[in-house]
Amino acid sequence: MSDAELNEPQAAAAAHAKGPLLVFAGAGSGKTRVITYRIANLVACERVPPWRILAVTFTNKAAGEMRIRLERLCGAEIARSLWVGTFHATCAKLLRVHGAAIGLQPNFLIYDTADQRAVVARALDDLNLDERRYPPRAVLAHIHKHKQEGRGPEEAASHSYIDDVALRLFRAYEQRLRAANAVDFEDLILLVARLLEGTPEGDKIRSRFDYVLVDEFQDTNAMQYRFLRELVKAHKNLCVVGDDDQSIYRWRGADVRNIRGFRHDYADATVIKLEQNYRSSKRIVTAALGVISRSEEREPKELWTANSDGDPVRVVAARDERDEAAFVVESIRGARAQGTELRQIAVFYRVHAQSRVLEEGLRAANIAYQVIGGAKFYERAEVKDALAYLRIAINPRSDVDLLRIVNVPTRGIGDTTVQRLTAWATANDTALFDALARVEEIGDIGAAAKKKLRGFRELLDQVREVAQSSAASAVLERVLALTGYVRTLEDEDTAEADARIENLRELGGSMQDYEAEAQAAGEDPSVAGFLERVTLVSDVDELDEGGRVVLMTVHGAKGLEFECVIMTGMEEEMFPYKGIDPGESEELEEERRLAYVAITRARRHLVMTHTQMRQIFGRTRWNRPSRFLGELPNGVAEHQATAAMLGEHRSSRYVDREPDVDAMAKPWRHPQRPPSTTPAPDGRFVDHEFFDDRTHDVTDMPLRRGTRVAHDRFGQGEVLRLVNVGEPAVVAFFPGWGEKKILARFLKPG
DNA sequence: GACAGAGGGTTTTTT
DNA sequence: ACCCTCTGTC
């Protein structure tokens, strides 16, 4: 479909004039196109001034893409004056202007997770509570849950002693944040909602926007929805676009009821469903539907495609995770041989822990790859240190930052001194920065320590002075020189220190990028602006243009599409993932939607791999194929096994095959007995080779011919055949003992 | 103040 | 298995 035309429901959504609009946009149905066309339409046909239109997304990446497409559609000038941004960036912008009404100064800092944890640590300290008894992580999770649902400490009810403690911590946390003139991510939304609900300032915010559009609406949490409803209260020109089948963020507060219930909140809402998929082959769409149609609660909709049938989905059994990696390598080579670009190939996994083995395989095979997610640049210690200096310069009340750098690089200010300083500051209800100026009044700090603290304060004053007068990147450079930070690293003269210096250079580079971009956008580049961007924009590692295979978690894949998708680890307990908690059915539902999201990322080729055995989190797990594989409709998939998987049944029985990548990388071939696929009695389609009933499940270990087992007396052995003696049993061969008939319950994985 | 070793905890992740 | 954090020692 060319960019210029829209199908019927797409056009209807784009042309919708006033009032609430709900668009259910199936995977690959042209959702972004609808939003951008609708905006263009509002500007061009309805004569809405662009700055009175707000488009909200969840990620910066989505916002960036939307902006690019709007530029193409409406021209750079109009695109620039539209409000396009994430919930958080939009609210931060509003708070900088209107926040004074609730006691926020415009130079407020946004605390990231690490900062927030440090605040909790201080709150625990304030209340004399033990970190081990109240882990900051858990405390923070508790606080965020309240805030995501719009409750401050005043609204959070206490029903028990534990609640009581939690409540006091919540209060102390909020107090600490306010004292530091800082907010957390939740506050950005919550505080704007407060402004909207209860202050005259709220009307000013409301009157800024005539139209509000929201992307990925199924991912909003209660607070975000409340903010939106308040924002459009006067005109109700709220257009939300989303797909309940792609709701995968329940665990971080997203509430799929927001999209499912939208019609009840806005009874006069127009509802439009986009059901034609333009992305994937018929087989891939059918595969996706096979999985999602078993979802218990969903908005009725029929995804379909006019695209060709395409290749079968390849379901591949591998012996273990290394064999799986070797197969992934082989598939990538195959796809590339057929002319698929590397960057059009994606490897998905459920958890990051799976990436290491895959990376090793790719590296050994010399295939360029890029891992999305994982370690974050802005969380590196040296980067956080440097930023802490800048943040203190902007907002000296930020105790978290001051504590971070008070002795970095080391300047002889020890723990004891710091503790006395903080105690005094708490007692006198003052920020640490101000306590530094009054260090003479602190009785229990010795003369030598006082001198060092005075020196530190002087250093900070210099940094602040520089920050007033210079561009962001110049400030960084001066800070690193003034503090001796780089010199200290240079003196270390280790590879690690060099890497840190390199990171600091990179930070400087990203500051220069920011300055250039801000100037291009007609904004004034400032240290404060850069800091906000650092906190709200974490994708340093965006998908780049390079020809590299992309590795990422299934969550990271949302909103993307690839010519070829390889889904690894398609095993029960891996995907659907089973954590430590007994999984509730809501969790399984979300795993199912996650599988749906993953499948629908593929345009032409889809490969799903599963292993018989996997080492993860220090354990060997024996796996059954994922139920999602069993849910692929008849005729969609083609089942295969790797050579190593088949070899397991045959030769080199007791040789511990240390699988080197080359040996593993032998191309897969069909199992000797091609597996047939027939409907099981309950209507599901089950593959005989891998879903057969000739498997004994004992202590999570599936036993079949070739399975390695261990016995207390006979040691390591291998199963020759399964036998029935009234309970699961096998005949197994043990070197030195020969064939033995053993009850399965006496066996352990070998 | 640096470093080694123990201990705890591990889904997913944006902002 | 691995990684990060905390603690205790030199």
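This is a predicted model, so every value here is computed, not measured.
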Check whether any side-chain N or O of A/His144 sits under 4.0 Å from OP1 or OP2 of B/dT15, and answer yes or no.
no
Does A/Tyr249 lie flat on the base of B/dT13, that is, centres under 5.5 Å apart and planes under 30° off?
no
Phosphate contact (B/dG1 OP1 or OP2) by A/Asn407 side-chain N/O below 4.0 Å
yes
Residue A/His555, side-chain heavy atoms: nucleotide from B/dG1, B/dT15, B/dT13 that is nearest:
B/dT13
Rounded off to whole Å, could you give me the CD1-to-C1' distance for the A/Ile616 and B/dT12 pair?
13 Å
Closest to side chain of A/Thr86, choosing from B/dT15, C/dC2, B/dA2:
B/dT15
Value in whole Å for how far the P atom of C/dC3 lies from CZ of A/Arg356:
8 Å
Heavy-atom nearest nucleotide on DNA chain B taken for A/Gly414 and for A/Phe617; more 5' hit belongs to A/Gly414
Does B/dT12 have OP1 or OP2 under 4.0 Å away from a side-chain N or O of A/Tyr577?
no
Which value, in whole Å, describes the distance between the P atoms of nucleotides B/dT13 and C/dC4?
16 Å
Report which part of the nucleic acid A/Gly412 touches: base, sugar-phosphate, or nothing (heavy-atom distance under 4.0 Å, all strands).
sugar-phosphate
Please answer whether the main-chain N or O of A/Glu186 pairs with a side-chain N or O of A/Asp184 as donor and acceptor at a distance below 3.5 Å.
yes
Which one of A/Asp401, A/Thr535, A/Val400 satisfies the side chain to side chain contact (heavy atoms under 4.5 Å, CB included) criterion with A/Leu109?
A/Asp401
Is A/His610 close to A/Phe575 at the side-chain level, that is, under 4.5 Å between some pair of heavy atoms?
no
Given that A/Phe58 and A/Arg411 both sit by DNA chain B, which one's nearest nucleotide is further toward the 5' end?
A/Arg411
Send over the distance from A/Leu124 CG to C/dC6 P, rounded to a whole Å.
12 Å
I need the CD-C1' distance between A/Gln116 and B/dT14, as an integer number of Å.
12 Å
Flag side-chain contact, heavy atom, 4.5 Å: A/Arg593 against A/Arg298
no
Between C/dC2 (C1') and A/His352 (NE2): distance, integer Å
15 Å
Rounded to whole angstrom units, what separation is found between the NZ atom of A/Lys147 and the C1' atom of B/dT14?
16 Å
Regarding A/Arg350, tell me which of base, sugar-phosphate or nothing describes its non-hydrogen contacts under 4.0 Å with the strands shown.
base
Considering only B/dT15, B/dT13, C/dA1, which nucleotide approaches the side chain of A/Gln615 most closely?
C/dA1
Which nucleotide, B/dT15, B/dT13, B/dT10, lies nearest any side-chain atom of A/Arg137?
B/dT10
Would you please confirm or rule out a distance under 4.0 Å between OP1 or OP2 of B/dT14 and any side-chain N or O of A/Asn60?
no
Atom NZ of A/Lys451 with >12 non-hydrogen neighbours under 6.0 angstrom
no
Within-4.5 Å side-chain heavy-atom neighbours: A/Leu594 and A/Arg350:
yes
Using OP1 and OP2 only, check whether a side-chain N or O of A/Arg252 sits under 4.0 Å from B/dT12.
no
Measure from NZ on A/Lys578 to C1' on B/dT11 and round the result to the nearest Å.
14 Å
Under 4.0 Å between a side-chain N/O of A/Thr553 and OP1 or OP2 of B/dT11, yes or no?
no
Distance in angstrom units between A/Arg593 CZ and B/dT11 P, rounded
19 Å
